[in-house]
*Asks:* 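Here's a structure for you.
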Number of protein chains: 2
Amino acid sequence: MANRRTGPQRQEPLSREAIALSAIALADDEGLEAVTIRRLAQQHGVTPTALYWHFKEKDQLLDGMAEQLFADVQLPPEDSAPWQHQLRSVLEAFLAALRPHPAVVALLPSRILASPAGLALTERTLSLLRRGGLQPERTAEVGGYLLSAIVALVTAEPGREHPSEEEARDDAIRAKRASLIALSPRRFPTVIWCADALANCASPDEYYAFNLDMLIGGVTTIADALDDDADAALPRSE
Amino acid sequence: MANRRTGPQRQEPLSREAIALSAIALADDEGLEAVTIRRLAQQHGVTPTALYWHFKEKDQLLDGMAEQLFADVQLPPEDSAPWQHQLRSVLEAFLAALRPHPAVVALLPSRILASPAGLALTERTLSLLRRGGLQPERTAEVGGYLLSAIVALVTAEPGREHPSEEEARDDAIRAKRASLIALSPRRFPTVIWCADALANCASPDEYYAFNLDMLIGGVTTIADALDDDADAALPRSE
DNA sequence: ACCTGAACACCGTTCAAGT
DNA sequence: ACCTGAACACCGTTCAAGT
């Protein structure tokens, strides 16, 4: 589990990409707040100030981490399926890239339009909404939000914040569940009814699939509403 | 605009609430990363270590900030409207509390079940989904996600990251738009088509209303699908 | 081109002490 | 009960210098 702690490494020169990859690994292991110029330098056997040759400031390192995640997205090939189905495939591909790195995803929403791979993902998403009949303002608003909503899906996975070591994780889940069960049944009956599933996600795959169904269902609803408006505006068109 | 900078204030003893409120104001003005034990102490005319009498550690200060925002939510009274309509009203109330404090909302998803006011919001949300026919696992998964999706709605508002001073803001929007317009029209035709709306939100109210329509439409879709399943399982019920 | 070393301003936090 | 003061380990960043 613990990441390369093999002390100072003599090796070929550093690269932006190598630093960003080890930063992602460090975030995966210990959280985003563990990603520090000084710790990364130590892992690479180098002085903290050496990193400033590769990145002008820490924010550019975070940009590099985000870019790596966007580059992991395996966009499905375009096909002739209905646009809603293709949209679901695109969002699933984004989700698949994010799930291994939940600690990093908070970096993505503000950086998607500044990253080449993020732009490719955005282009695919927006073009499918356009095919659904949305005007440019709606396309931008809904498309941009959908991508952030996928990020939020990872952030909000029940039980995601618990530790990953099995025993400590079980303890945390039990403690969370107990704290919910102990609430007033008069004021919080439904929280208590849901306590198990709020404390931990029994099946993450079902959590993701069901909420994706919801998002796609919502997009379909608003696209259909636009069609109805168009029908109403052009009464006996066709 | 600038916040009470009137130097050391001699006054009645500090309180958790007063510190959390000034922390929110500081985040509104200068972003969450400006919220520092030392700066807050300075604003209150007190030594940094004085804050440790009120909060065991900085994380508890962040808890207090989140609790204040949850307490701002004005939950609508229960009524006899369809559950989807009531759910929309609850989400609108949450959104109204968040919009004045976009820099703070990232604190909320991980803290909602640890805050009394957050639990009240969760209870209302879950109880309406239960009324929609969802089982406890789905209720927890969808309800928890919906609340995070509202937070993401604020985070992802186009143009939200630009500065708030009018002139600098116009410059940032123009620069963002120009950078999108300059992309390859062959590879990014739809991004270019949407460039204006991606660079800035012409009407935030419409952005929020339209995406809320989408979320409510999605919840309705999955609840209806459950009804259909039930109908199929009990063929000529009724 | 790529990295070191010294230095600076700024963090969160502990602990003993004051009133 | 509420706050001060000194101290510690840890940040990001600049700049001049080395090879």
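Numbers restart at 1 for each chain; the letters A, B, ... are given by sequence-line order, proteins then strands.
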*Asks:* Between dT14(D), dT13(C), dC3(D), which nucleotide has the shortest distance from any of its atoms to the side chain of Y52(A)?
*Replies:* dT14(D)
*Asks:* Whether the side chain of S148(B) engages the backbone of Y145(B) through a donor-acceptor N/O pair (distance < 3.5 Å, no angle test) should be reported.
*Replies:* no
*Asks:* Can you check nucleotides 16-19 of chain C for protein contacts, nitrogen or oxygen pairs under 3.5 Å, and list what you find?
*Replies:*
none

*Asks:* May I ask you to evaluate whether H54(A) reaches the phosphate of dC3(C), defined as a side-chain N or O under 4.0 Å from OP1 or OP2?
*Replies:* yes
*Asks:* Could a donor-acceptor pair under 3.5 angstrom be found where the side chain of T49(B) meets the base of dG5(D)?
*Replies:* yes
*Asks:* For residues S22(B) and H44(B), is any side-chain donor paired with an opposing acceptor at under 3.5 Å?
*Replies:* yes
*Asks:* Name the pairing partner of dC11(C), where a pair is Watson-Crick or G-U wobble with both distances under 3.5 Å, or state none.
*Replies:* none
*Asks:* Which residue lies toward the 5' end of DNA chain C, A34(B) or K56(B), if each is placed at its nearest nucleotide?
*Replies:* A34(B)
*Asks:* Less than 4.0 Å between a side-chain N and a carboxylate O, is that true for D63(B) and R16(B)?
*Replies:* no
*Asks:* Please set out all donor-acceptor pairs under 3.5 angstrom arising from side-chain atoms of residues 187-212 of chain A, sequence neighbours excluded.
*Replies:*
residue, atom, partner, partner atom, Å
T190(A), OG1, E123(B), OE2, 2.7
D196(A), OD1, R177(A), NE, 2.5
N200(A), OD1, R169(A), NH2, 3.1
S203(A), OG, E206(A), N, 3.2
D205(A), OD1, R99(A), NH1, 3.0
D205(A), OD1, R99(A), NH2, 3.4
E206(A), OE1, R138(B), NH2, 3.4
Y207(A), OH, L153(A), O, 2.8
Y208(A), OH, E157(A), OE1, 2.6
N211(A), ND2, Y207(A), O, 3.3

*Asks:* So if I take every side-chain heavy atom of T36(A) and compare against dG12(D), dC2(D), dC3(C), which nucleotide ends up nearest?
*Replies:* dG12(D)
*Asks:* Between dT4(D), dT13(D), dC2(C), which one does the side chain of W53(A) approach most closely?
*Replies:* dC2(C)
*Asks:* Side chains of S115(A) and E67(A): do they bring a donor and an acceptor to under 3.5 Å?
*Replies:* yes
*Asks:* From the options dC11(D), dG5(C), dC11(C), select the nucleotide whose nearest atom is closest to the side chain of R38(A).
*Replies:* dC11(D)
*Asks:* Paired with dA1(C): which nucleotide, if any, by Watson-Crick or G-U wobble criteria at under 3.5 Å for both distances?
*Replies:* dT19(D)
